[in-house]
Q: 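Got a structure for you, written out below as structure tokens; questions coming shortly.
Heavy-atom basis, side chains included; hydrogens, waters and symmetry copies ignored. Order of listing sets the numbers, starting from 1, for every ligand and every atom in it. Remember, predicted model here, so these are calculated numbers, not experimental data.
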Amino acid sequence: MPNSRAIAIFTDLDGTLLDHDTYGWDAARPALDRVKQLAIPLIAVSSKTLAELEHINQQSMLFDGLIGENGGVISLNGEIEQAGPSSETIDAARNQIRDAVSVPVGSFRTVSPEIIASETGLPLDDAIRAGQRHCSDPLIWQASKQDVTTARAIAEKWSLKLVKGGRFHTLCGPSTKGEAMKRILQWLALSQSGKSETSPPKRFTTIALGDSPNDIPMLAEADFAIQIPTKHGARTSPLLDHANLRIAPAPGPAGWNAAINDLLDQLTNTNKNSEVLHG
Ligand SMILES: [Mg+2]
């Protein structure tokens with residue numbers, strides 16, 4: 001790369017790179033092609049399972065690394081690391097929540113793939129992969145505010161958290177997307193320094209993109225944070241205080257495309273309309 005500092009991009013999927021309703025990413029194709037052309041590592045950071053992310057990547061070949069289950073499991077260059085809690089801990093905490101709240105509690109680890117499919121709109125094969133969870137469990141419930149408060153307190157007793165994503169409350173470990181991002185950066189730095197004997201990059205300039213509260217630790221960790229506005233709903237206020245936060249001009253992949261192109265115009269000596277502008 002021509003830059004003294006390498007760039008790495010970390011992106012949430014649902015509602016960020018993938019359209020909230022169709023899960024499509026075509027509108028982001030120009031920026032994705034540019035990222036690939038610049039050999040910028042692109043890391044998927046999602047509440048999805050590793051099985052889901054690997055399947056998406058087999059079809060799309062978009063990602064150089066995968067962070068699943070909100071930071072609980074990391075995959076890079078064939079190496080997998082589980083930072084999250086054991087499935088036994090997750091199950092014990094969820095059972096206690098089920099007994100304590102006022103509404104029925106299902107979850108991805110306990111219901112059939114057919115129910116996961118109907119809750120998410122995923123095809124059945126995808127729903128099966130969504131149920132293959134290492135260390136987190138999205139709850140299927142119609143919770144009141146009090147139920148959420150109760151469940152959060154129980155999760156804390158187990159050193160777990162209840163994180164609100166785009167669609168679900170997910171029971172998961174204290175690992176976050178931000179910590180997993182730091183871990184991937186360590187691995188990336190190692191693999192880069194192995195390739196280049198002269199001046200290996202000391203650190204990466206990092207860009208993170210997300211649309212939900214569970215993306216905040218990742219956005220906070222990044223040098224440049226891009227908030228993707230929600231497709232349904234009025235929220236346009238910033239998710240966090242960040243010196244380099246920008247809000248994309250559109251929801252989903254169209255916003256991803258515009259924001260990444262603008263930032264790469266700024267950070268690299270390339271332009272989306274020409275090969276090299278200067279330097
Ligand atoms: Mg999202």
Q: Does D14 have any side-chain contact (heavy atoms from CB on, under 4.5 Å) partners at least two apart in sequence or in another chain, and if so, which?
A: L18, Y23, K48
Q: Tell me which N, O or S atom of D14 sits nearest to the Mg ion (ligand 1).
A: O
Q: With a cutoff of under 4.5 Å between side-chain heavy atoms, which Ile, Leu, Val, Met, Phe, Trp and Tyr residues group with I97?
A: I90, V101, V103, V105, L139, W141, V148, I154, W158, L160, L162, L171
Q: Can you tell me if D12 has an N, O or S atom under 2.8 Å away from the Mg ion (ligand 1)?
A: yes
Q: Side chains of N261 and R34: is there a donor and an acceptor less than 3.5 Å apart?
A: yes
Q: Would D33 and R29 count as a salt bridge (Lys or Arg N to Asp or Glu O under 4.0 Å) if you check the C-alpha gap in whole Å, the side-chain angles of each, and the deciding distance to 0.1 Å?
A: CA-CA 6 Å; D33 287 346; R29 177 57 68 186; 3.6 Å; yes
Q: What N, O or S atom of D211 is found closest to the Mg ion (ligand 1)?
A: OD1
